[in-house]
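Written below as structure tokens is the structure these notes are about.
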Amino acid sequence: ELDYDITTIEPLTFILSRLLEQICARMRSRNLATHEVRLALGTNVRILNLPLPVRNPRLLTRLLI
């Protein structure tokens, strides 16, 4: 939960990139990758089914945005 509402795309991009960097670092340390990413913001849910396993946080951020 955030302390403030996100009204523009820039703060959302910043927050997502930080979270995905942490998640991808954990995957790299365990030699894992993902082929699916789910993002839930309130009642909105976005699911990315990727053709190849990925652990690149920049790529995942761009695809989600």
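- Residues Ile9 and Leu19 are members of one and the same hydrophobic cluster, defined by side-chain heavy-atom contacts under 4.5 angstrom among Ile, Leu, Val, Met, Phe, Trp and Tyr.
- Among residue pairs with one or both ends in residues 35-46, those qualifying as side chain to side chain donor-acceptor pair (under 3.5 Å) are Glu36-Arg38; sequence neighbours excluded.
- Listed by first and then second residue, the side chain to side chain donor-acceptor pair (under 3.5 Å) pairs that reach into residues 6-16 are Thr8-Glu10, sequence neighbours excluded.
- With hydrogens and angles disregarded, no donor-acceptor distance shorter than 3.5 Å links the side chain of Arg55 to the backbone of Thr34.
- Linking ILVMFWY residues whenever their side-chain heavy atoms come closer than 4.5 Å, directly or via other members, leaves Ile47 and Leu50 in distinct clusters.
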Please tabulate, one pair per line, all N/O donor-acceptor pairs under 3.5 Å involving side-chain atoms of residues 57-65, not counting sequence neighbours.
unit_1, atom_1, unit_2, atom_2, d
Thr61, OG1, Pro57, O, 2.8

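- Other cluster members for Leu52: none, since no ILVMFWY side-chain heavy atom sits under 4.5 Å from it.
- Under the side-chain contact (heavy atoms from CB on, under 4.5 Å) criterion, Ala25 pairs with Arg28, sequence neighbours left out.
- In terms of hydrophobic clustering, with Ile, Leu, Val, Met, Phe, Trp and Tyr side chains grouped at heavy-atom distances under 4.5 Å, Leu41 and Leu48 are assigned to a common cluster.
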